[in-house]
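Down below is the structure, laid out as structure tokens.
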Amino acid sequence: MAFKEEMQDAFQHGFKVYNKDAEETNQWQVLPDKNLYQSLNTKDAEAYEAIGKSGQRVGGAIIAVNGTLGELAFLYVKVGVQSKGIGRIIWSAIETMHPEIKIVENFYTVF
């Protein structure tokens, strides 16, 4: 599965887990292509893949960095490997790669 599809699958899965009553009535995509592409085309955007010990992608993130301001567009952990600290590891790696960031804003609110 490609990065885009894995990210969309993770967000759709998260929506279903936290909104069990809405699962049957949800007719819209939680992470539409247009939002994903908009974040990738944002000025100063950076996309990261998180690769696990097996060599397989386990998650990823899209951020934008402008001086000391960091914008988190999306961070996801692949369906099937959640609740193992991977999201925290991804975020920690971003902080390590970008020590200049002092303020982080969330670019999107998905749900």
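What you see is a predicted model; the values in this text were computed from it and never measured.
- By the rule that hydrophobic residues join a cluster once side-chain heavy atoms approach within less than 4.5 Å of another member, I90 and V65 end up as members of one cluster.
- Residues L69 and L75 do not share a hydrophobic cluster, defined by chaining ILVMFWY side chains whose heavy atoms lie under 4.5 Å apart.
- Note on F74: it does not cluster hydrophobically with V79, by side-chain heavy-atom contacts below 4.5 Å among ILVMFWY residues.
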- [ ] May I have the step-by-step check of side chain to side chain donor-acceptor pair (under 3.5 Å) for Q8 and D33, ending in yes or no?
- [x] CA-CA 9 Å; Q8 289 172 322; D33 288 352; 2.5 Å; yes
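- With hydrogens and angles disregarded, no donor-acceptor distance shorter than 3.5 Å links the side chain of S92 to the backbone of R88.
- Rounded to the nearest 0.5 Å, atoms CD (Q12) and CD (E5) are 13.0 Å apart.
- Counting heavy atoms from C-beta on, the side chains of I63 and I94 come closer than 4.5 Å.
- Heavy atoms only, all atoms of each residue included: A45 and S39 are closest at CB-O, 3.4 Å.
- Remark: I86 CD1 to Q82 CD distance equals 8.0 Å, nearest 0.5 Å.
- Pairing each heavy atom of A10 with each of Y76, the nearest pair is CB-CD1, 3.7 Å.
- Pairs of residues two or more places apart, or lying in two chains, that qualify as side chain to side chain donor-acceptor pair (under 3.5 Å) and include a residue from residues 45-55 are E46-Y48, E46-H98, Y48-H98, E49-R57.
- Among residues at least two apart or in separate chains, salt bridge (Lys or Arg N to Asp or Glu O under 4.0 Å) pairs with a member in residues 76-87 are E6-K78.
- Formation of a donor-acceptor pair under 3.5 Å by the E105 side chain with backbone atoms of I103 is not found in this model.
- Looking at residues two or more places apart in sequence or on another chain, you find a side-chain contact (heavy atoms from CB on, under 4.5 Å) between V104 and L72, W91, I101.
- Among all heavy-atom pairs drawn from G67 and E100, the shortest one is O-CG, 3.4 Å.
- Distance check, rounded to the nearest 0.5 Å: CD1 of I62 to CG of N35 gives 10.5 Å.
- When side chains are defined from C-beta on, I51 does not count as touching V58, because their heavy atoms never get closer than 4.5 Å.
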